[in-house]
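When reading the values below, keep in mind they use all heavy atoms of this one structure, side chains included, and skip hydrogens, waters and symmetry mates. Chain letters run A, B, ... following the sequence lines, proteins first, then strands; residues in each count from 1.
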2 protein chains.
Amino acid sequence: MTANKSSYHHGDLRSSLLEAAKAMLSESGIEGLSLRKLADRVGVSRTAPYHHFKDKNELLCAIAEEGFEHWHNNAEQIFSQNGLTTKQKYHQFFQGYIGYAAENPEMYDLMFGRTIWKQNSATNDLRDIAYPSFQRQVEMTKKWQEQGLMPVEEDTLRLAQVTWGTMHGIARLLIDGIYADRSHIDEMCTCAVNLFTRE
Amino acid sequence: MTANKSSYHHGDLRSSLLEAAKAMLSESGIEGLSLRKLADRVGVSRTAPYHHFKDKNELLCAIAEEGFEHWHNNAEQIFSQNGLTTKQKYHQFFQGYIGYAAENPEMYDLMFGRTIWKQNSATNDLRDIAYPSFQRQVEMTKKWQEQGLMPVEEDTLRLAQVTWGTMHGIARLLIDGIYADRSHIDEMCTCAVNLFTRE
DNA sequence: CACACATCTTGACAGCGTCAAAATAAGACT
DNA sequence: AGTCTTATTTTGACGCTGTCAAGATGTGTG
């Protein structure tokens, strides 16, 4: 169906746009990412991107998709590690989450920020990737309860919402530069894990 | 020095602008609040606001100031209540925080969102109001530790960051419409309070 | 070889924040 | 009083943004 590369006028505009857009995103954030500057950077006219993305929103969603994939692989990797107690793994997962947000603040802002999720502007493709990620959080919480790491008295869904909410909140405080800074990451994570886990 | 009211051309443009801006904010969010539409709404020309606010940013900061004041009074009121245990008060504080965010999502987004805090764009006036609010959070946490509500083993600052982070995170998940919705508020708050408090 | 289609460009429009310069009205001073 | 200074508001303009409509250009298929 679709040729692999170097066909048509530009070659593979769509992925070139995505790559450049990701770079611009991490350089200057969502606000600083304009379609016109993006087109300029790739070397095409202002409206060329519109033949590959219906909207600026659709472009942003496509970028976020890649972010979720990368994020998912990251979490998977941590959990497949051996020789760690459940609590150590959870600690590492927690720290990994905050670390990802701190190192990719603009991407995190895009993935979990209101630009996309506020007014239901998320693409179907993005939902298909993001929702399972949210669901996985609940499943993992259930396991943590069964393994005695987290209190079984609490409803699993609520517990998942609260623990993820904590990670999300700390991440946001960090990347929005309010009240907390990077040098506190490790201590904050340890503190949170202590509060959430028994033993 | 400055006349109280009904002097000059318009009367009291500054407060008229602020009031209209607050209305527009809650109607259509930060993104939907444009200086031009604001001026139009108040009945002045597009650049009139610039003699009362240097920037759009400065206007936003002025709005946020009012938000912090209202928010501060709200918290004060809860703590001055009698006939409640420490835990009940904390529960109510927690719920009040989330409730405020859920009922004033756009104002909360302005007060604690990246628009203002990201690139150090907060006004000095705003800082003077906001920073003590953050500080108060730490002091209250210290009291909660002393009263045996929260673990004394944890560093007060970290504990404050984590507990506030949790409130902030849940608030953001709610108002950004991701993963949680309003009907879960009470249960989430109870769950979080259970995790954070002893006894 | 021609036709259809995907792709890209040019032109245009409305909206935004903001600056400069001109117009207007109020208060202060002699 | 009247003049002057100063605060306030307006008009005009600039560059930026996202996006639509129409035209130009190249590619793959029949």
Side-chain angles (χ1 to χ4, degrees), chain A residues 1-21 24-25 27-64 106 110 114-116 118-119 121 123, chain B residues 1-18 20-21 24-25 27-64 106 110 114-116 118-119 121-123:
Chain A
M1 302 256 179
T2 51
N4 260 1
K5 43 154 61 183
S6 83
S7 45
Y8 290 123
H9 305 121
H10 173 275
D12 199 357
L13 223 199
R14 196 190 141 95
S15 33
S16 298
L17 285 170
L18 268 177
E19 193 147 351
M24 290 181 66
L25 177 70
E27 284 165 16
S28 40
I30 299 179
E31 313 278 83
L33 171 54
S34 96
L35 285 186
R36 295 173 104 107
K37 279 190 289 194
L38 171 62
D40 210 55
R41 183 156 168 162
V42 174
V44 293
S45 80
R46 316 130 235 158
T47 57
Y50 282 87
H51 294 89
H52 300 273
F53 305 96
K54 171 180 144 278
D55 244 3
K56 179 176 184 181
N57 179 67
E58 210 169 281
L59 170 69
L60 291 177
C61 286
I63 302 175
E106 305 297 346
L110 178 63
R114 71 173 0 211
T115 309
I116 283 183
K118 186 178 54 173
Q119 202 56 29
S121 46
T123 310
Chain B
M1 302 253 176
T2 52
N4 258 2
K5 43 155 59 182
S6 84
S7 44
Y8 292 123
H9 305 119
H10 174 273
D12 201 355
L13 224 199
R14 196 190 139 96
S15 31
S16 296
L17 286 170
L18 268 177
M24 291 181 67
L25 176 71
E27 285 166 16
S28 41
I30 300 179
E31 314 278 81
L33 171 55
S34 95
L35 285 186
R36 295 172 104 108
K37 278 189 291 194
L38 170 62
D40 210 56
R41 182 156 169 161
V42 175
V44 293
S45 80
R46 316 125 235 164
T47 56
Y50 281 87
H51 294 88
H52 301 274
F53 304 97
K54 173 180 142 278
D55 245 2
K56 178 177 185 179
N57 179 66
E58 210 170 278
L59 170 69
L60 292 177
C61 286
I63 302 175
E106 305 297 346
L110 177 64
R114 73 172 2 211
T115 308
I116 283 183
K118 184 178 59 175
Q119 201 57 31
S121 46
T123 311

| From A/Thr115 OG1 over to B/Arg114 CZ, what is the distance, rounded to the nearest 0.5 angstrom? | 8.5 Å
| query | Roughly how many Å is it from CG in A/Asp40 to C1' in D/dT17, rounded to a whole number? | reply | 14 Å
| field | Spacing between B/Asp12 atom CG and C/dA26 atom C1', to the nearest angstrom | value | 15 Å
| request: Check whether any side-chain N or O of A/His51 sits under 4.0 Å from OP1 or OP2 of C/dT9, and answer yes or no. | output: no
Check: residues 38-51 of chain A side-chain donor-acceptor pairs under 3.5 Å, at least two apart:
residue	atom	partner	partner atom	Å
A/Arg41	NH1	A/Glu27	OE1	3.1
A/Arg41	NH2	A/Glu27	OE2	3.1

| query | Reading nucleotides 12-20 of chain C 5' to 3', which nucleotides get B (base under 4.0 Å from a protein heavy atom), which S (sugar-phosphate only), which -? | reply | B---BBBB-
| remark: Contacts of A/Ser15 meeting side chain to side chain contact (heavy atoms under 4.5 Å, CB included) (sequence neighbours excluded), chain-then-number -> A/Asp12
Atom pairs and distances, side-chain donor-acceptor, residues 52-59 of chain A, under 3.5 Å, sequence neighbours left out:
residue	atom	partner	partner atom	Å
A/Lys56	NZ	A/Leu33	O	2.9
A/Asn57	ND2	A/Ser121	O	2.7
A/Glu58	OE2	A/Lys54	N	3.3

| query | Can a side chain N or O of A/His52 be found less than 4.0 Å away from OP1 or OP2 on C/dA6? | reply | no
| remark: Between B/Ala64 and B/Leu110, the two heavy atoms sitting closest are N-CD2, 3.9 Å
| field | Separation of D/dT9 P from B/Arg14 CZ (nearest whole Å) | value | 13 Å
| field | Rounded interatomic separation in angstrom, taking CD from A/Glu31 and P from D/dC16 | value | 18 Å
| said: Please find the pair of heavy atoms, one from A/Ile116 and one from A/Leu60, that lie closest to each other, and give the distance. | reply: CD1-O, 4.1 Å
| query | Rounded to whole angstrom units, what separation is found between the CG atom of A/Leu13 and the C1' atom of C/dT9? | reply | 12 Å
